[in-house]
*Asks:* 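Got a structure for you, written out below as C-alpha cells; questions coming shortly.
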Amino acid sequence: DAKTTQPPSMDCAEGRAANLPCNHSTISGNEYVYWYRQIHSQGPQYIIHGLKNNETNEMASLIITEDRKSSTLILPHATLRDTAVYYCIAIYGNNRLAFGKGNQVVVIP
Amino acid sequence: DAGVTQSPTHLIKTRGQQVTLRCSPKSGHDTVSWYQQALGQGPQFIFQYYEEEERQRGNFPDRFSGHQFPNYSSELNVNALLLGDSALYLCASSSQGAYSNQPQHFGDGTRLSIL
C-alpha cells in the first residue's frame, strides 16, 4: 500500500471551506484514495473515496491531482462537529487499512 | 438500517484471562475486519474474515483469534491477556471480500481495560 503523508494538525474557521491535503506520491494505478475521520471516542467514519476522478457526496469533495500523487479533501462549510482526526489512506481493494497518525483538524468558532 | 454494532461497549479483565468481543456487520455486508487502537494511536489491523475464513492477518500473535458465523457476524477472542492488550477494539464491515473497493464501515468499538 502506498504511504500517505498528512500534516499532523490544522485549524479551520467555522463556516469556511476546510481543505485537507494528502500526499501519496508512490500510489499505484489500482490503488484508491480513501478518507476516514474519527471523532473522539467513536469508531472511524467513512467519508469518501476515489481512484482518478474528483468525487463529491453529501459530506465532502475529493480532488485528486491528474498525476494522482496528491489529493485534497474539501469540507465545504466546516462546523464544530467536523473537529476530528482525518485519515487519508491509499489502498488496493477492500484490504487492511493502514491509518497512520492522521491530521488533527480543529474547527474554531 | 442498523450500522455495525459491537458488544460489549466496555470490559474490564485481569492479566491472564480470556475475552470474547462480538460484532454484527451492517446489513448487506459479508466481510468483517478487526482493528486494535491503543490510546493516541491510529487503528492497527488484526485480521479479516470473509466466507467464514480468515483471509488476511496483521502482525498480531496467535493469542488473537476470530470466527465468522454463517450470518456474517464475528467474534474476536484474545487469550492470556496482557496489560498491553488494553485498547479500543474496532470492528469494520464491508461487502464482497478483500478485492472490492467498497468502503469499510466501523462500529464504535469495545473499550477493553486490563488490570
Side-chain angles (χ1 to χ4, degrees), chain A residues 1-9 22 27-53 55-60 62 64 68 71 73 84-105, chain B residues 3-7 9-10 21 23-26 28-51 54-60 64 66 87-111:
Chain A
D1 303 331
K3 178 175 162 47
T4 60
T5 304
Q6 301 175 255
S9 64
C22 180
I27 195 168
S28 60
N30 61 0
E31 287 181 323
Y32 282 72
V33 178
Y34 289 81
W35 283 84
Y36 286 81
R37 72 181 183 185
Q38 189 170 24
I39 297 168
H40 185 60
S41 298
Q42 296 181 19
Q45 178 187 25
Y46 165 75
I47 302 173
I48 198 167
H49 73 288
L51 182 63
K52 297 183 196 178
N53 301 321
E55 302 286 346
T56 295
N57 63 19
E58 65 279 3
M59 289 183 68
L62 173 60
I64 302 174
R68 303 212 323 124
S71 61
L73 179 74
V85 178
Y86 287 76
Y87 297 98
C88 167
I89 301 167
I91 193 168
Y92 167 65
N94 192 357
N95 237 299
R96 56 183 75 185
L97 297 174
F99 279 85
K101 295 187 185 300
N103 178 1
Q104 173 66 67
V105 173
Chain B
V4 178
T5 58
Q6 294 187 243
S7 63
T9 55
H10 294 83
L21 311 181
C23 172
S24 292
K26 185 178 163 86
H29 286 181
D30 57 10
T31 304
V32 173
S33 302
W34 286 92
Y35 294 79
Q36 180 196 67
Q37 186 172 24
L39 205 58
Q41 304 294 317
Q44 300 295 310
F45 175 79
I46 303 174
F47 42 54
Q48 183 181 79
Y49 277 84
Y50 174 63
E51 295 184 328
E54 183 183 294
R55 300 290 180 165
Q56 301 184 71
R57 190 178 183 92
N59 188 25
F60 279 81
F64 290 77
L88 180 67
Y89 288 86
L90 295 159
C91 170
S93 73
S94 54
S95 58
Q96 300 171 22
Y99 298 104
S100 155
N101 62 26
Q102 296 304 306
Q104 297 183 29
H105 292 263
F106 285 78
D108 282 337
T110 294
R111 172 72 63 188

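Letters A, B, ... mirror the listed sequences (proteins, then strands); counts begin at 1.
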*Asks:* With a 4.5 angstrom heavy-atom cut-off, could you sort out which part of B/Q6 is near chain A: side chain, backbone, both or neither?
*Replies:* neither

*Asks:* Which atoms of B/R57 are under 4.5 Å from chain A, going by heavy atoms: the side chain, the backbone, both sets, or neither?
*Replies:* backbone

*Asks:* Does any backbone or side-chain atom of B/F47 lie under 4.5 Å from a heavy atom of chain A? Answer side chain, backbone, both or neither.
*Replies:* neither

*Asks:* Under a 3.5 Å distance rule, please check whether A/Y34 uses its side chain to pair with a backbone N or O of B/N101 as donor and acceptor.
*Replies:* yes

*Asks:* How many angstroms lie between CD in A/Q38 and CG in B/D108, if you round to the nearest 0.5 Å?
*Replies:* 9.0 Å

*Asks:* What residue, out of B/G42, B/G58, B/P43, B/G107, has the most heavy-atom pairs lying under 4.5 Å from chain A?
*Replies:* B/P43

*Asks:* Below 4.5 Å from any heavy atom of chain B, which atoms of A/Q45 appear? Answer side chain, backbone, both or neither.
*Replies:* neither

*Asks:* To the nearest 0.5 Å, what is the distance between CZ on A/R96 and CD on B/Q44?
*Replies:* 11.0 Å

*Asks:* Taking only residues two or more places apart in sequence, or in another chain, which ones meet B/W34 in a side chain to side chain donor-acceptor pair (under 3.5 Å)?
*Replies:* B/S74

*Asks:* If you define the side chain from C-beta out and look only at heavy atoms, does anything of B/Q104 sit under 4.5 Å from A/Y36?
*Replies:* yes

